[in-house]
Colleague: 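Let me begin by handing over the structure; questions about it come next.
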Amino acid sequence: MEALHQNIENFANLSHPQYQLVAVLLMIGYGAHFAFSVFFLAASTQIAPRYRLVPWLSAVIMLAAGLSLLREYIAWSDSFTWVGTQWMPAADTVFSNAYRYANWTITIPLLLAQLLIALNLPQRTIHKRFAALVVAAIAMIWTGLIGQFFEHSNVGTMLLWGFISTIPFVYLVWGVWKSLRESRAHTPPQLHGWLHNLFFYFLFFWGLYALAYMVPAVGTDGDAIVVRQFMYTVADIFSKLVYGVILSRFVLRRSALEGYDGAVKALASWAGLTG
Ligand code: RET
């Protein structure tokens, strides 16, 4: 059993606020993701058929992430026992962040597909770029997955795998940058600013996962555990949910600029309400 306790969560005693804070973070995570699946399905009706896969994929991502975070929440609830003054790791269950990596294996390819579709690149480019980015993403996730098993027993090994994982990550960032740049030729000029901002948005919130990975190198106590789960929650909400909202707004504008009537009306009614 001991061999399975790889994450720092299985070794620290927690105060009641620390324990509750993580429970609330995980609850916010799954609650928000589940709820927004409805938003994306509704939003899809205003968008030109060509780009409708963007909100649909968001809805799928919301459900996949919601289920994964619900699972983490249940594991969290099961993995500690209250001993009168604090929460101690339970003897017979194990908390694991590895489920997150399994979930990313599904969600990251979908997040990348969404972006490439929203960018309106030529079909051949989309297929080739998608294949290359997914290979890099899987390499990044699975090497990181191996590394996180060492976060408690051997921080050096964890950092080494983290370094290896960063190589495909850099390739991924480059591929996204290249795709955003190429899409300028296929995007109305009014939306070019979005392309620029999207890159930095992407870099910041995906980078947050890499920073969260390194937390055990800095601390392994209750505070470190709370900080890491906080970073994961922020990264989850901004790299999937808010990112989905941004991409859906982007393709709504793009649909209107390309003459799709439903989108023109949706944007006009919004302007009527606010103007
Ligand atoms: C790892 C290992 C350490 C080095 C790097 C990593 C990058 C992780 C990333 C995760 C993104 C996850 C997303 C999930 C959405 O559901 C694997 C932590 C660079 C970029 C976007």
Side-chain angles (χ1 to χ4, degrees), residues 6-8 25-26 28-30 32-34 36-37 40 57-72 96-116 118 130 133-151 154-177 179 198-218 224 227-247:
Q6 297 103 343
N7 285 134
I8 57 173
L25 286 169
L26 292 170
I28 291 172
Y30 75 75
H33 284 90
F34 279 139
F36 265 74
S37 58
F40 288 114
L57 285 171
S58 269
V60 174
I61 292 164
M62 292 303 105
L63 293 177
L67 282 167
S68 157
L69 290 168
L70 178 59
R71 209 230 155 278
E72 289 287 17
S96 172
N97 284 303
Y99 296 102
R100 289 185 177 274
Y101 291 70
N103 181 246
W104 300 344
T105 307
I106 313 282
T107 50
I108 292 187
L110 298 180
L111 290 165
L112 294 168
Q114 248 188 323
L115 179 70
L116 296 176
F130 181 69
L133 291 182
V134 168
V135 170
I138 302 281
M140 173 191 84
I141 298 164
W142 291 358
T143 50
L145 171 64
I146 297 171
Q148 62 88 44
F149 286 122
F150 293 93
E151 70 180 31
N154 191 336
V155 168
T157 308
M158 176 196 86
L159 289 175
L160 180 63
W161 282 106
F163 174 75
I164 295 170
S165 169
T166 303
I167 299 167
F169 177 59
V170 170
Y171 176 81
L172 201 80
V173 171
W174 175 76
V176 166
W177 179 76
S179 306
L198 253 171
F199 176 72
F200 293 100
Y201 184 90
F202 160 86
L203 187 61
F204 184 82
F205 288 110
W206 285 46
L208 204 50
Y209 286 100
L211 294 181
Y213 175 91
M214 297 197 298
V215 165
V218 183
V227 166
R228 180 165 64 170
Q229 294 297 331
F230 176 76
M231 290 167 83
Y232 275 146
T233 304
V234 171
D236 280 340
I237 290 181
F238 285 91
S239 73
K240 291 182 273 226
L241 194 159
V242 180
Y243 170 85
V245 174
I246 294 172
L247 283 188

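Whatever order the structure lists ligands and atoms in, that order sets their numbers, starting from 1. Worth saying up front: this structure is predicted, and the values here are computed from it rather than measured.
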Colleague: Distance to 0.1 Å, residue and atom name: give those for the protein heavy atom nearest to atom 7 (C) of ligand 1.
Modeller: M140 SD, 3.8 Å

Colleague: Given W206, which partner from the list Y209, F204, F202 fulfils the ring-ring contact (aromatic ring centres under 6.0 Å, His included) test?
Modeller: F202

Colleague: In terms of side-chain heavy atoms, does N97 have a donor or acceptor partner in Q229 at a distance below 3.5 Å?
Modeller: yes

Colleague: Considering only heavy atoms, which of F169, Y213, W206 lies nearest to atom 18 (C) of ligand 1?
Modeller: Y213

Colleague: Answer yes or no: does an N/O atom from N103 fall short of 3.5 Å to an N/O atom of ligand 1?
Modeller: no

Colleague: Testing the 3.5 Å rule here: is there a donor-acceptor pair between the side chains of T105 and W142?
Modeller: yes

Colleague: Roughly how far, to the nearest 0.5 Å, is CZ of F230 from CG of L208?
Modeller: 9.0 Å

Colleague: Could you find the nearest protein heavy atom to atom 2 (C) of ligand 1 and give me its residue, atom name and distance?
Modeller: S165 OG, 3.4 Å

Colleague: What do you reckon, does G162 put a non-hydrogen atom under 4.0 Å from ligand 1?
Modeller: yes

Colleague: Polar contacts were defined as any N/O atom of the residue lying under 3.5 Å from an N/O atom of the ligand; does this apply to T107 and ligand 1?
Modeller: yes

Colleague: Looking only at protein heavy atoms, which one is nearest to atom 13 (C) of ligand 1, and what is the separation?
Modeller: Y209 CE1, 3.4 Å

Colleague: Starting from atom 15 (C) of ligand 1, locate the nearest protein heavy atom and write down its residue, its atom name and how far away it is, to 0.1 Å.
Modeller: K240 NZ, 3.4 Å

Colleague: Once you restrict to heavy atoms under 4.0 Å, what part of L145 touches ligand 1? Side chain, backbone, both or neither.
Modeller: neither

